[in-house]
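Have a look at the structure below before the remarks.
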Amino acid sequence: AVEDTLRALGYVQRSDLPRNFYETHMHSMPFWHPRERVWVEIHSRLIHEQHALADAGFFAPDAILATAQECEFRGRKCRLMSAEAGLAYTSVRWAEEFDAERGLWPLLDLALMSQASATSLDWQAIGDMASREPLVATAMHLALGYLARTRLAGFPACALAKISAHDRVT
């Protein structure tokens, strides 16, 4: 239904990868809107099935929907992952593979997300995510710590300390 709606709105599926790649991928072939210049991915899951965090409760669809925030994008209502889940998810995706081609983009996303949500981030919820899943703590410690050390983004020292306390790797 969502994909049909995107097609009706003028989005087309495009990728350099073959169509069959997406049969087992975590999202369908990306949609591109040529006039709006917007990419959209329709996910069946947020994390690859083989990933150690594939079954982590807060990345499950129910958990994401429970904390999703309603917003408007170009005049259309939509739901957006909470800023707290977004920081955790983006940190995990960045840390799962250090890739020169896309390596900087997730860090920039994290810096922009933290700047946009600076006064409303629930650091207690972020700390709770870190305490429930050490791999999330490690990813956030690496990513947010790097952004703080390089002064690309600022975070409360107590929040970084709480995340760091649950990091079992670095």
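Predicted model, so just to flag it, every value in this text is computed and none were measured. In this chain, numbering begins with 1 at the start of the sequence shown.
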[atom1]-[atom2] distance between [X] and [Y], expressed to the nearest 0.5 angstrom:
X	Y	atom1	atom2	answer
Leu87	Ile126	CG	CD1	5.0 Å
Leu6	Ile42	CG	CD1	5.0 Å
Asp109	Ser114	CG	OG	10.5 Å
Asp16	Met29	CG	CE	9.5 Å
Leu152	Leu110	CG	CG	11.0 Å
Gln69	Cys78	CD	SG	11.0 Å

Nearest non-hydrogen partners of [X] and [Y], listed with the distance:
X	Y	value
Pro30	Ser15	CD-CB, 4.3 Å
Lys162	Asp128	NZ-OD1, 4.0 Å
Leu160	Ala148	CD1-CB, 3.8 Å
Ala88	Met140	CA-SD, 3.8 Å
Ala85	Met129	N-CE, 3.9 Å
Ala139	Ala95	CB-CB, 3.8 Å

**Request:** Output, in order, the C-alpha distance, side-chain angles, deciding distance and verdict of side-chain contact (heavy atoms from CB on, under 4.5 Å) for Phe155 and Leu147.
**Result:** CA-CA 9 Å; Phe155 306 98; Leu147 291 172; 4.0 Å; yes
Test item: [X] and [Y] side chains (from C-beta on) under 4.5 Å apart, heavy atoms:
X	Y	value
Leu46	Met81	yes
Val92	Leu135	no
Phe59	Val136	yes
Glu41	Met26	no
Leu9	Arg76	yes
Glu84	Thr67	no
Trp105	Thr90	no
Pro134	His166	no

Exercise for review: Kindly work out whether a path of hydrophobic side-chain contacts (I/L/V/M/F/W/Y, heavy atoms less than 4.5 Å apart) joins Leu112 to Leu121.
Suggested key: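 The answer is no; the residues belong to distinct hydrophobic clusters.
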Q.
Is there a path of hydrophobic side-chain contacts, each under 4.5 Å between heavy atoms, that joins Phe31 and Val38?
A.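 Yes, one cluster joins them.
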Note to self: Whether the side chain of Tyr11 engages the backbone of Val40 through a donor-acceptor N/O pair (distance < 3.5 Å, no angle test) should be reported.
What the structure shows: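 No, the answer is negative, given that no donor and acceptor are paired below the 3.5 Å cut-off.
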State whether the number of non-hydrogen atoms from other residues, nucleotides or ligands found under 6.0 Å of Phe21 atom CZ is greater than 12.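 Yes, CZ of Phe21 has more than 12 neighbouring heavy atoms, counting only those of other groups under 6.0 Å.
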Check the orientation of Trp39 and Trp32. Use parallel for under 30°, tilted for 30 to 60°, and perpendicular for over 60°.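 Tilted: the ring planes of Trp39 and Trp32 meet at 30° to 60°.
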### Task
For the pair His27 and Tyr22, name the ring-plane relationship: parallel under 30°, tilted 30 to 60°, perpendicular over 60°.
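Taking Tyr22 first and then His27, their aromatic rings sit tilted (interplane angle of 30° to 60°).
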| Without hydrogens or angle criteria, can the side chains of Ser28 and Glu3 be said to hold a donor-acceptor pair below 3.5 Å? |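 Looking only at side-chain atoms, Glu3 and Ser28 do form a donor-acceptor pair, the distance falling under 3.5 Å.
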